[in-house]
*Asks:* 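Below is the structure I would like to discuss, written out as structure tokens.
Treat the numbers as computed from the prediction; the structure is a model and nothing was measured. Numbers here simply count residues along the sequence, with the first being 1.
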Amino acid sequence: MKAVIYARYSSDNQREESIEGQIRECTAFAEKNGITILRHYIDRAFSAKTDNRPEFQNMIRDSGKRLFDMVIVWKLDRFARNRYDSARYKATLKKNGVKVVSATEVISDGAEGIILESVLEGYAEYYSADLSEKVVRGMTENALKSKYNGGTLPIGYMIDSEQYFQIDPLTAPFVLEAFKQYAEGATMTEIRDYLNEQGVKNTRGQSLTYNSVQHLLNNRRYIGEYTYRDIVVPNGIPTIVPQDLFDRVQERLAKNKKAPARYKAEEDYLLTTKLFCGYCGAYLCGESGTSHTGTTHRYYKCVSVKKKRTNCHKKSVKKDWIEDLVVSETMKMVMDDNAIEAIVAMLMDLQDQENVNLPLYEQQLKEAEQGIQNLLNAIQQGILTKSTKGRLEELEAAKEELETKIACEKLAKPKISAEFMTFWLHRFRKLDVRQKSHRKMLIDTFVNAIFLYDDKMVITFNYKEGTDTITFDDLKASPVAEKSGSDMDCLTAPSCIDKKDAGKNLALRRWIFAHKSK
């Protein structure tokens with residue numbers, strides 16, 4: 001029998017010791033019953049009232065590969081505390097030839113075992129619901145008294161022995177100063193730097209971030225307002241910030257939220273780090289300028305030209321024009337069945353190169369099986385000696401060990417099929433290239449590098465022989481060229497594009513790792 005162990009704890013009150021104890025008892029159960037453990041699936045700080053547990057879902061999916069026969073849990077409530085989820089996922093496991101076994105609860109396989117298992121699952125669900133009601137009731141009572149109910153403690157407060165909020169004399173003045181500075185025009189970044197210079201830390205002892213300051217300036221507890229669920233208690237805790245100052249800060253926050261960004265984000269330039277000058281090999285970076293009419297124009301410009309490092313004469317190119325052209329050519333490649341087949345073939349080769357153990361184990365297993373078959377043939381012909389019997393036992397033990405190793409490798413590094421890769425790549429054909437997120441996804445996945453000249457560009461895609469040269473003279477009559485207003489006139493030919501080949505395997509390997517879990 002081959003099995004996996006599933007362990008879980010549900011709250012921050014439980015730690016790794018809980019997991020270690022579960023693993024220890026499940027392992028002892030497996031050893032006592034001659035069961036081989038292939039893998040541990042562990043969910044930390046996840047409640048069993050929901051099935052939204054990452055490792056639990058991975059275990060259910062892996063059961064479909066039929067590599068193990070059993071899921072061992074410390075107790076059944078580790079598997080689920082919801083009868084619907086328990087029945088649903090046990091049915092899925094049963095369909096895949098896997099059963100759930102408790103290491104500490106003795107449940108027979110007969111009719112009485114079904115009743116006992118149902119009682120245990122029902123009790124687990126009752127216990128969870130009852131505990132939840134008691135916790136909520138207790139926290140509601142605390143809230144009505146404005147007592148601390150747990151969670152992140154705001155900077156500027158401390159909790160006394162009776163669980164009431166009290167002002168922290170060391171950090172509260174900095175909170176008040178932060179509100180005053182923001183009301184007087186300081187930015188959140190400046191306030192963050194000021195607080196960090198003063199040595200103010202968050203409750204985890206870490207330096208403050210931009211988001212920490214934003215949360216601080218929005219926190220209504222500083223005006224004494226205590227909230228818990230639907231309960232709001234004005235003046236329930238000591239006040240640090242006066243109401244009029246807090247209101248002025250909220251007005252400025254609302255005003256700045258509606259204001260346009262001061263600078264265009266760099267990520268809006270989709271070809272950053274992929275677009276190179278065809279003449280000097282430097283990056284083309286994004287830049288913008290405003291005309292006398294107030295219109296903002298965005299371009300890609302060679303870094304060498306911008307910083308005057310060389311005598312490179314590459315002209316700037318309009319951002320929208322070049323990005324539309326690259327997206328258009330990439331979509332043509334995606335629609336080409338031959339190109340997709342080439343990408344899939346390359347991905348399969350890379351995937352095989354990544355896992356060197358699995359092919360070796362599979363070859364050794366074939367040799368062991370062939371050896372066993374040869375010995376069985378010899379026994380059928382009447383050849384049976386002590387050495388024959390001993391060799392047969394060795395080969396059978398080796399076969400069992402290799403089957404376990406192969407199962408472990410497949411669970412640790414699941415192999416993606418060529419059919420799934422093809423299906424996944426075909427999904428790109430349905431992208432809406434008018435959406436920025438779809439355009440970015442398309443470029444990041446398929447485009448390795450673009451070498452731009454004044455009269456053409458050379459695109460290298462993420463697969464062997466995936467190179468395409470586009471001459472701009474051929475685009476003059478196209479809608480893309482008409483709206484670009486491009487004035488490119490140089491006829492220099494590309495010198496070499498092999499310098500980006502080294503990046504192809506890396507990009508494809510990243511693609512494999514990114515999509516193995518999907």
*Asks:* Looking only at the side chains, is there a donor atom on one of Glu55 and Asn58 sitting less than 3.5 Å from an acceptor on the other?
*Replies:* yes

*Asks:* Tell me the closest heavy-atom pair linking Ser207 and Asn202, and the distance in Å.
*Replies:*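 Reported closest heavy-atom pair: O-ND2, 4.2 Å.
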
*Asks:* Where do Val200 and Asn196 come nearest, in terms of heavy atoms and distance?
*Replies:*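 Shortest heavy-atom separation between Val200 and Asn196 comes out as O-OD1, 4.0 Å.
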
*Asks:* Using side chain to side chain donor-acceptor pair (under 3.5 Å) as the criterion, list what pairs up with Tyr157, not counting sequence neighbours.
*Replies:* none

*Asks:* Determine, stepwise, if the pair Arg8 / Arg53 fulfils side-chain contact (heavy atoms from CB on, under 4.5 Å).
*Replies:* CA-CA 10 Å; Arg8 175 192 63 81; Arg53 291 171 269 155; 3.7 Å; yes

*Asks:* List in chain and number order the residues that pass ring-ring contact (aromatic ring centres under 6.0 Å, His included) with Phe68, two or more places apart in sequence or in another chain; answer none if no residue qualifies.
*Replies:*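 For Phe68, no residue satisfies ring-ring contact (aromatic ring centres under 6.0 Å, His included) once neighbours in sequence are set aside.
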
*Asks:* Sequence neighbours excluded, which residues qualify as side chain to side chain contact (heavy atoms under 4.5 Å, CB included) partners of Ser212?
*Replies:*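 Checked Ser212 against side chain to side chain contact (heavy atoms under 4.5 Å, CB included); matches are Leu208, Thr209.
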
*Asks:* Who pairs with Gln435 by side chain to side chain contact (heavy atoms under 4.5 Å, CB included), at least two apart in sequence or on another chain?
*Replies:*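 Only Asp432, Ser437, His438 meet the side chain to side chain contact (heavy atoms under 4.5 Å, CB included) criterion with Gln435.
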
*Asks:* Rounded to the nearest 0.5 Å, how far does CD1 of Ile5 lie from OH of Tyr41?
*Replies:*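 Output value for this atom pair is 12.0 Å.
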
*Asks:* State, to 0.1 Å, how close Cys285 and Val303 come at their nearest heavy-atom pair, and which atoms those are.
*Replies:* SG-CG2, 4.0 Å

*Asks:* Got a salt bridge between Lys319 and Glu323, using NZ or NE/NH1/NH2 to carboxylate O under 4.0 Å?
*Replies:* yes

*Asks:* Kindly compute the distance separating CD1 (Ile191) from OH (Tyr210), expressed to the nearest 0.5 Å.
*Replies:*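 One finds 9.5 Å between CD1 of Ile191 and OH of Tyr210.
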
*Asks:* Kindly confirm or rule out a cation-pi arrangement of Arg252 over Tyr182, judged by NZ or CZ under 6.0 Å from the six-membered ring centre and within 45° of its axis?
*Replies:*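 Ring-cation test returns yes.
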
*Asks:* Could I get the full list of salt bridge (charged side-chain N to carboxylate O under 4.0 Å, His left out) partners for Arg66, not counting sequence neighbours?
*Replies:*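 By the salt bridge (charged side-chain N to carboxylate O under 4.0 Å, His left out) rule, Arg66 matches no residue at all.
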
*Asks:* Decide if atom NZ of Lys366 counts as having more than 12 heavy atoms of other residues, nucleotides or ligands within a radius under 6.0 Å.
*Replies:*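 Counting neighbours around NZ of Lys366, 12 or fewer heavy atoms of other residues, nucleotides or ligands fall under 6.0 Å, so no.
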
*Asks:* For atom CZ of Arg434, is the number of surrounding heavy atoms from other residues, nucleotides or ligands below 6.0 Å larger than 12?
*Replies:*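 12 or below, so no.
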
*Asks:* Roughly how far, to the nearest 0.5 Å, is CG of Leu325 from CE of Met457?
*Replies:*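 Here the interatomic distance stands at 3.5 Å.
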
*Asks:* Output all residues satisfying salt bridge (charged side-chain N to carboxylate O under 4.0 Å, His left out) with Asp444, sequence neighbours left out; order by chain, then residue number.
*Replies:* Lys440

*Asks:* With a 3.5 Å distance limit and no angle check, can you tell me whether Glu341 reaches the backbone of Thr422 through a side-chain donor-acceptor pair?
*Replies:* no

*Asks:* Just to verify, what does Arg221 make a salt bridge (charged side-chain N to carboxylate O under 4.0 Å, His left out) with, not counting sequence neighbours?
*Replies:*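 Testing Arg221 for salt bridge (charged side-chain N to carboxylate O under 4.0 Å, His left out), a comparison that skips the adjacent residues, returns none.
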
*Asks:* Are there more than 12 heavy atoms of other residues, nucleotides or ligands under 6.0 Å from atom NZ of Lys180?
*Replies:* no

*Asks:* Using ring centroids (six-membered ring only for Trp), state whether Tyr269 and Tyr300 fall under 6.0 Å.
*Replies:* yes

*Asks:* With rounding to the nearest 0.5 Å, note down the distance linking CG in Leu38 to CE in Met70.
*Replies:* 11.5 Å

*Asks:* For Ile223 and Arg220, work out which heavy atoms get closest and say how close.
*Replies:*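 Of all heavy-atom pairs spanning Ile223 and Arg220, the closest is CG1-O, 2.9 Å.
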
*Asks:* Are any non-hydrogen side-chain atoms of Cys312 and Cys277 less than 4.5 angstrom apart?
*Replies:*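 Yes, their side chains come closer than 4.5 Å.
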
*Asks:* Is the backbone N or O of Glu287 less than 3.5 Å from a side-chain atom of Lys301, with the two atoms forming a donor-acceptor pair by type?
*Replies:*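 Between the backbone of Glu287 and the side chain of Lys301 there is no qualifying donor-acceptor contact (under 3.5 Å).
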
*Asks:* Looking at His40, I want to see if its NE2 is surrounded by more than 12 non-hydrogen atoms of other residues, nucleotides or ligands under 6.0 Å.
*Replies:*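 It does: His40 NE2 has more than 12 such atoms within range.
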
*Asks:* Where do Cys280 and Cys302 land on the side-chain contact (heavy atoms from CB on, under 4.5 Å) test, with the steps shown first?
*Replies:* CA-CA 9 Å; Cys280 68; Cys302 176; 3.5 Å; yes

*Asks:* For Glu177, enumerate each residue passing the salt bridge (charged side-chain N to carboxylate O under 4.0 Å, His left out) test, keeping only those at least two apart in sequence or located in another chain.
*Replies:* none

*Asks:* Quick check: closest heavy atoms across Ile155 and Leu216, and the distance to 0.1 Å?
*Replies:* CD1-CD1, 4.4 Å

*Asks:* Not counting sequence neighbours, which residues clear side chain to side chain donor-acceptor pair (under 3.5 Å) with Arg192? List them please.
*Replies:* none

*Asks:* Rounded to the nearest 0.5 Å, what separates atom NZ in Lys314 from atom CG in Leu452?
*Replies:*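 The CG atom of Leu452 is 4.5 Å from NZ of Lys314, to the nearest 0.5 Å.
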
*Asks:* To the nearest 0.5 Å, what is the distance between CD1 (Ile23) and OH (Tyr6)?
*Replies:*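 If we round to the nearest 0.5 Å, Ile23:CD1 and Tyr6:OH are 11.0 Å apart.
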
*Asks:* Between the side chains of Tyr9 and Gln22, is a donor N or O closer than 3.5 angstrom to an acceptor N or O?
*Replies:* no

*Asks:* Can you give me the closest heavy-atom contact between Val100 and Phe79, atom names plus distance?
*Replies:* CG2-CE1, 3.8 Å

*Asks:* Decide, yes or no, whether a salt bridge links Asp69 with Lys99 under the criterion of side-chain N to carboxylate O below 4.0 Å.
*Replies:* no

*Asks:* In chain order, what residues pass the side chain to side chain contact (heavy atoms under 4.5 Å, CB included) check against Thr152, with sequence neighbours excluded?
*Replies:*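 With neighbours one apart ignored, the set is Thr203.
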
*Asks:* Which residues satisfy the side chain to side chain donor-acceptor pair (under 3.5 Å) test with Asn96, sequence neighbours excluded?
*Replies:*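 Expected list: Ser63.
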
*Asks:* Report the C-alpha separation of Ile459 and Phe461 in whole Å, then their side-chain angles, then the decisive distance to 0.1 Å, and conclude whether the side-chain contact (heavy atoms from CB on, under 4.5 Å) test is met.
*Replies:* CA-CA 6 Å; Ile459 302 180; Phe461 296 109; 3.6 Å; yes

*Asks:* Identify, with sequence neighbours excluded, every residue that meets side chain to side chain contact (heavy atoms under 4.5 Å, CB included) alongside Ala339.
*Replies:*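 If we apply the side chain to side chain contact (heavy atoms under 4.5 Å, CB included) test to Ala339, skipping adjacent residues, the hits are Met333, Asp336, Tyr463.
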
*Asks:* Report the relative orientation of the aromatic rings in Trp424 and Phe428; use parallel for angles under 30°, tilted for 30 to 60°, perpendicular for over 60°.
*Replies:*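 Rings of Trp424 and Phe428: perpendicular, over 60°.
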
